[in-house]
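I have placed the structure first, in the form of structure tokens, so that the comments after it can refer back to it.
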Amino acid sequence: MLLEDRLLTEARNPESEAVDRLSARDLVALMITEDAKAVEAVRAESDAIATAIEWAADRFGRGGRLIYVGAGTSGRLGVLDASECPPTFSVPPSMVVGLIAGGPTALTRAVEGAEDDPAQGAADLLALSITALDLVVGIASSGRTPYVLGAVEQAKALGASTVGIACNRPSLLGAQVDLEIALLVGPEVITGSTRLKSGTATKLVLNMITTGAMVRIGKTFGNQMIDLQPSNEKLRIRTRRILREIAGLDDEQAADLLRRSSGQLKRALVAAMAGVEPDQAQALLDSHGGQVRAAVMAQTGVDPR
């Protein structure tokens, strides 16, 4: 029996064998039922996902990076998650990087054979000057994509820690990485179409890894984004609102403090909650790893809840 014949991601789903005879409403009902399995598959891997978050936060705290590597849908999801980090958390694009087999062209159309080249995966990874400070996450629903396996092998040779996200267990990827996340969503509604449940479950996990790691390194206060850059009117309004809500200021006070803080919300928050000038607030942030709560507590001795 061929390897592909044993893959859960290639199995036929008995619930959708007559999908081409369903009404649109029944098709929606079927897909909702099947998509709910993606959430449960992610829940089953909670411990491994939490470990990946801690590993990513640790690397960020030491100047390292999170590198996603994938092909096809998996690669596009990695690039998407990476591209959303700079505007959401005000981090440099180099901090979370997405590699896709076939390069940027593969984001919008298939690049034939790109995923079958492990040497190219290794070369693309090598070009990023990976070090032991980096965390490399290979994404392959099948768990056997050669491009991803080549990249992960190269990452390990360079001393980086590795995570594998697949929708099969056992898998070649799972056997190769330091930490396996196996999202067993079951057969797809359309056989082998892993942009469906497999893609949904993968996106959920990527959301958790980057969001969780950013929270751990102080990019939020409570559930508010506090490291955003007020580069347009919408974000300037949001920045003032967050400052008002957290620090108890009126809009005029918030606008004035932000002006004196060069528009930097975290600096303004520490200044307001610790009762210091913006320059001292920045010094407190610098000495406490950019963590607003720790900076305020160092000055006041009180947790600013």
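Every value quoted in this text rests on a predicted model; they were computed, and no experiment measured them. In what follows, residues are counted from 1 in the order of the sequence shown.
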Do [X] and [Y] have side chains that get closer than 4.5 Å, going by heavy atoms?
{"X": "R293", "Y": "P304", "result": "yes"}
{"X": "Y68", "Y": "T210", "result": "yes"}
{"X": "W55", "Y": "I209", "result": "no"}
{"X": "S74", "Y": "T145", "result": "no"}
{"X": "D124", "Y": "Q154", "result": "no"}
{"X": "D286", "Y": "Q282", "result": "yes"}
{"X": "I139", "Y": "L77", "result": "no"}
{"X": "M95", "Y": "M214", "result": "yes"}

Do you know the tightest heavy-atom contact between [X] and [Y]?
{"X": "V189", "Y": "M31", "answer": "CG2-CG, 4.3 Å"}
{"X": "V136", "Y": "A155", "answer": "CG2-CB, 3.7 Å"}
{"X": "E45", "Y": "E180", "answer": "OE1-O, 3.7 Å"}
{"X": "I181", "Y": "A48", "answer": "CG1-CB, 3.9 Å"}
{"X": "T9", "Y": "S141", "answer": "CG2-O, 3.7 Å"}
{"X": "Y147", "Y": "L99", "answer": "OH-CB, 4.1 Å"}

Is a side-chain N or O of [X] found less than 3.5 angstrom from the main chain of [Y], in a donor-acceptor match?
{"X": "E188", "Y": "S198", "answer": "yes"}
{"X": "S23", "Y": "D26", "answer": "yes"}
{"X": "D134", "Y": "T131", "answer": "yes"}
{"X": "R59", "Y": "R65", "answer": "no"}
{"X": "S142", "Y": "R144", "answer": "yes"}
{"X": "T88", "Y": "C85", "answer": "no"}
{"X": "R240", "Y": "Q253", "answer": "no"}
{"X": "K156", "Y": "V177", "answer": "no"}

So, taking the atom named [atom1] in [X] and the one named [atom2] in [Y], what distance separates them when rounded to the nearest 0.5 Å?
{"X": "K197", "Y": "I190", "atom1": "NZ", "atom2": "CD1", "answer": "11.5 Å"}
{"X": "I217", "Y": "D227", "atom1": "CD1", "atom2": "CG", "answer": "8.5 Å"}
{"X": "D251", "Y": "D256", "atom1": "CG", "atom2": "CG", "answer": "11.5 Å"}
{"X": "L284", "Y": "Q291", "atom1": "CG", "atom2": "CD", "answer": "13.5 Å"}
{"X": "L183", "Y": "R169", "atom1": "CG", "atom2": "CZ", "answer": "9.0 Å"}
{"X": "I53", "Y": "L66", "atom1": "CD1", "atom2": "CG", "answer": "11.0 Å"}

**OP:** Just do the side-chain contact (heavy atoms from CB on, under 4.5 Å) check on E15 and T33 with the steps written out, would you?
**Re:** CA-CA 10 Å; E15 301 300 323; T33 297; over 6 Å; no
Original post:
Between T200 and D35, is any side-chain donor less than 3.5 angstrom from a side-chain acceptor?
Top reply: no
**OP:** Verify the distance criterion only: is there a donor paired with an acceptor across the side chains of T162 and Q176 at less than 3.5 Å?
**Re:**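 No - no donor-acceptor pair under 3.5 Å links their side chains.
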Heavy atoms from other residues, nucleotides or ligands near [atom1] of [X] exceed 12 (cutoff 6.0 Å):
{"X": "E252", "atom1": "CD", "answer": "no"}
{"X": "E112", "atom1": "CD", "answer": "no"}
{"X": "R109", "atom1": "CZ", "answer": "no"}
{"X": "R216", "atom1": "CZ", "answer": "no"}
{"X": "D47", "atom1": "CG", "answer": "no"}

Original post:
Salt bridge check: are E40 and K37 linked by an N-O gap of less than 4.0 Å?
Top reply: no
Original post:
Do the charged groups of E277 and R260 touch, with an N to O distance under 4.0 Å?
Top reply: yes
Subject >> Steps toward side-chain contact (heavy atoms from CB on, under 4.5 Å) verdict (F60, K219) >> reply: CA-CA 12 Å; F60 291 158; K219 294 292 184 178; over 6 Å; no
**OP:** Report the C-alpha separation of L80 and L206 in whole Å, then their side-chain angles, then the decisive distance to 0.1 Å, and conclude whether the side-chain contact (heavy atoms from CB on, under 4.5 Å) test is met.
**Re:** CA-CA 10 Å; L80 173 62; L206 303 188; over 6 Å; no
Determine, using the 4.5 Å side-chain heavy-atom cutoff (strictly less than), whether [X] and [Y] are members of one ILVMFWY cluster.
{"X": "L179", "Y": "V152", "result": "no"}
{"X": "I100", "Y": "L135", "result": "no"}
{"X": "V163", "Y": "M208", "result": "yes"}
{"X": "L235", "Y": "L258", "result": "yes"}
{"X": "I165", "Y": "V39", "result": "yes"}

Subject >> Worked verdict on H288 versus M297 for side-chain contact (heavy atoms from CB on, under 4.5 Å) >> reply: CA-CA 10 Å; H288 291 87; M297 288 183 66; over 6 Å; no
